[in-house]
There are 2 protein chains.
Amino acid sequence: MRPTVHDIADTAGVSLATVDRVLNDRPGVRGVTKAKVEAAIATLGYVRDVAAANLAKSRVYPLVFILPAGDNPFMRGLEAEVRRAGFHSAAERTRLSVVPVPAFDAAALVAAIDGAVADQVSGIAAVAVDAPEVAAAIGRAHAAGVPVVTLVSDLANSGRDHFVGVDNVAAGRTAGSLMGRFLGNRPGPVAVLAGSMRVRDHRERLDGFLATIAEMPVGRAVLPVLEGQDDPKLSLSLVSGCLASTPDLAGIYSLGAGNQGLVAALADRTDLCVIAHELTAHTRAALETGIIDAVLNQDAGHEVRSAIRVLRAKADGLPVIAAQERIRLDIFIKDNLPAGPDEDDNN
Amino acid sequence: MRPTVHDIADTAGVSLATVDRVLNDRPGVRGVTKAKVEAAIATLGYVRDVAAANLAKSRVYPLVFILPAGDNPFMRGLEAEVRRAGFHSAAERTRLSVVPVPAFDAAALVAAIDGAVADQVSGIAAVAVDAPEVAAAIGRAHAAGVPVVTLVSDLANSGRDHFVGVDNVAAGRTAGSLMGRFLGNRPGPVAVLAGSMRVRDHRERLDGFLATIAEMPVGRAVLPVLEGQDDPKLSLSLVSGCLASTPDLAGIYSLGAGNQGLVAALADRTDLCVIAHELTAHTRAALETGIIDAVLNQDAGHEVRSAIRVLRAKADGLPVIAAQERIRLDIFIKDNLPAGPDEDDNN
DNA sequence: GAATTTTTGATGTACGTAAATCAGAAATTT
DNA sequence: AAATTTCTGATTTACGTACATCAAAAATTC
């Protein structure tokens, strides 16, 4: 059996109360005694039974996820994963809530962050909008002792404790690399459909993509970026216009959330090389019909669970194992699509 | 706060003892009373606090992982993940142990399974060797009430409770599909390097690969399978021989664990399209230098944690959520390689 | 050496569940 | 209606930790 606090008390020759004082950093222990206890802990290899500790503490960790509202399928997927995690995380004494804010609205995001701090939550996860007032709000939360992680899109120099998301430059490079390989020596320019260049993750993906295309031995032109605002209708018209004006178009990289419009514009044109982001109902269907050739995906479930782990660790003052919290970039083609639309693993 | 057993007792108008009897399927409860309790559970939305329950039970779950010995990097990775999971799973009252057996040795595997059953473990995870005596041993374990999951390579008709691993036919199809796209209309045959055709997962991968190649509009020859027995030296010589005798070779699909030999044989030939399985030190390095173009990977950490969850659920008589336990097939190219060699997430 | 402060011990309660015992109530059978 | 069986209630202990209280011991100061 694992050693308990009683075993420590016995081998250290002190009372249970003293062990408790050492373990929980309570005052009133001489240095000598503390050392004795710590030695006993080390020799016995004691590790606190977190389940029992949490039970005794009956502490709950209210965590808030601030997510963009609207019909962005990826964000809705994130929200679904939060709910799913909330269902399972009751045992871990975590209480999750979702606060929707208008997309790209810095003021609303600031209000939501300040509100969460006022509510005394133990942690905040937010999809950051790249604005100085948001960085200031995150700074205030951090100063108030509330850990903050940025989700999906980062905000450097904001005092956020951690970023949960993929390396978006690498994502862009991956898209460029696949595009190059799939096209081979087929001629023609490629187009890029983004949401907005004011969003950091979109900018980073574009940078990576352009860099990889530029490095290729086959020179290939990249048309000016189409900014569809992640809106289905606008994306549809932009892509349609591009198709009409560029008959020799070879491929499209859709790095934002405008895939519904993209797929609508392409109809049944399977001759183009199309690479998109995030596995949703639309992209999945388009992969299966051959309209889209590859989908790059960040697993919403993994991100949510990573955010929860990080926030809990921060709330407890524990270290975060960076390597363990790295979010992978998944590549999906028609043949390795996961089975269900609601696939996920709790791994 | 979450409802507790006391709340159920109150709203159902019964005693704590009766609630306990219903919750733990103990005898001595009339159908009417049981229904009352279950109604209370439903209306209150009670969920058992597993942490408290495990604490009270002070039950431990000894689980055994039976893995092939030897220097197969993927198997060693699996073992490392078991150790890592064991470190974290102390809180979940799971005790993990690894039993190494000679690779492809059915008799040794049978002995290990029977030994685990004799040791009264609560669950067995084993990399199955495709032999009738192994199926029989698994059947004995199952009959003795010990749940068994097959890991990586399945064994149908054996009475195993669950299979933890990827869909290997889909893996082969993915490899074929990528190979076709990467090669485009470049002519030349492709070679296949396998470990052994007597292993089920290798056969399945080959089937998927051949089917996809055959479906392609561009006719492409596949050379006879090279069986390298997952041995570096044998694989090296087989691939070298193939390269010498087939100057117009366009690509190689390595579906087993012979990648060290494969990479050695290819030296610095980056002109071939090479697709391999499992992200190890060798395949990672070869991806980075361009010798290998894509690596298909099953995440050892995910598999181990899935196996643990499934075995615990089976041991407790709980249902397994199949969708949650599906293992994904990762595609890695140079650009989306995860950062560290010991990358992993506990998600 | 007395008075004070600091450190330690002893003890109890709590968290939510499991599991056992024993008495009493209700249902069933005779 | 009595005897029996089946069901239910009340109560207790335990799991490993957290946390509080009060007394006792040790160290420190005056």
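Every chain is numbered from 1, with letters handed out A, B, ... down the list of sequences.
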> Return whichever of B/Ala56 or B/Val29 has its heavy-atom-nearest nucleotide of DNA chain D closer to the 5' end.
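This one resolves to B/Val29.
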> Nearest whole Å is fine: how far is D/dC19 C1' from A/Lys57 NZ?
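So the two atoms are 11 Å apart, to the nearest Å.
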> Does A/Asp154 use its side chain to pair, donor to acceptor, with the backbone of A/Phe163 at less than 3.5 Å?
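Pair absent, no side-chain N/O of A/Asp154 close to backbone of A/Phe163.
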> Which listed nucleotide (C/dA10, C/dG16, D/dC7) is nearest to the side chain of B/Thr4?
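The answer is C/dG16, which lies nearest to the side chain.
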> Are any of the side-chain nitrogens in B/Arg326 or B/Asp167 under 4.0 Å away from the carboxylate oxygens of its partner?
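Salt bridge: no.
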> Let's see if you can work this out: which of D/dG9, C/dG9, D/dC19 has an atom nearest to the side-chain heavy atoms of A/Arg21?
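So the side chain of A/Arg21 is nearest to C/dG9.
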> Quick check on DNA chain D: between B/Val14 and A/Ala53, whose nearest nucleotide comes earlier from the 5' end?
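Looking at DNA chain D, the more 5' nearest nucleotide goes with B/Val14.
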> Separation of B/Asn54 atom CG from D/dC15 atom P, in whole Å?
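It works out to 15 Å between those atoms.
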> Rounded to whole angstrom units, what separation is found between the CZ atom of B/Arg26 and the C1' atom of C/dA20?
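Checked: the CZ to C1' distance equals 9 Å.
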> Starting from C1' on C/dA18, measure out to CG on B/Asp25 and report it in whole angstrom.
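Result: 14 Å.
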> Categorize A/Gly13 for me: base, sugar-phosphate, or nothing, with a 4.0 angstrom heavy-atom threshold over every strand shown.
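Touches sugar-phosphate only.
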> Name the closest nucleotide to the B/Ala17 side chain, picking from D/dA18, D/dA10, C/dT17.
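So the side chain of B/Ala17 is nearest to D/dA10.
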> Identify which nucleotide among C/dA19, D/dA18, D/dG9 has an atom closest to any side-chain atom of B/Thr18, counting heavy atoms from C-beta outward.
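Shortest atom-to-atom distance from the side chain points to D/dG9.
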> So if I take every side-chain heavy atom of B/Asp49 and compare against C/dA19, C/dG16, C/dC15, which nucleotide ends up nearest?
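Ranking C/dA19, C/dG16, C/dC15 by closest atom to the B/Asp49 side chain puts C/dG16 first.
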> Assess the residue pair B/Asp114 and B/Arg140 against the criterion (salt bridge (charged side-chain N to carboxylate O under 4.0 Å, His left out)); give the C-alpha distance rounded to whole Å, side-chain angles, the decisive distance to 0.1 Å, and a yes or no.
CA-CA 8 Å; B/Asp114 288 338; B/Arg140 283 195 294 278; 3.0 Å; yes
> If you count every heavy atom of other residues, nucleotides or ligands that lies below 6.0 Å from A/Lys34 atom NZ, does the total exceed 12?
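Not more than 12 within 6.0 Å, no.
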> Between D/dT17 atom C1' and A/Arg2 atom CZ, what is the distance in whole Å?
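Rounded to whole Å, this separation is 11 Å.
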> Side chain of B/Arg30 only, please: which of D/dC7, C/dG16, C/dA20 is the nearest?
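Of all the options, the side chain of B/Arg30 is nearest to D/dC7.
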> Take the protein atom CG of B/Asp20 and the nucleotide atom P of C/dA20, then report the distance between them rounded to whole Å.
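Rounded to the whole Å, the gap is 10 Å.
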> Is a side-chain donor or acceptor of A/Asn24 paired with a backbone partner of A/Arg26 at a separation under 3.5 angstrom?
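No: the side chain of A/Asn24 does not pair with the backbone of A/Arg26.
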> A/His6 has an atom NE2; how far is it from atom P of D/dA18, in whole Å?
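Rounded to whole Å, this separation is 12 Å.
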> Please pick, from C/dG16, C/dC15, C/dG9, the nucleotide with the shortest atom-to-atom distance to any side-chain atom of A/Ser15.
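Looking only at heavy atoms from C-beta outward on A/Ser15, the closest nucleotide is C/dG9.
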> Would you mind reading off the distance between B/Leu16 atom CG and D/dG9 atom P, rounded to a whole angstrom?
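Those two atoms, CG and P, are 10 Å apart.
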> Please pick, from C/dA18, D/dA18, C/dA20, the nucleotide with the shortest atom-to-atom distance to any side-chain atom of B/Arg48.
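Within the option list, the nearest is C/dA18.
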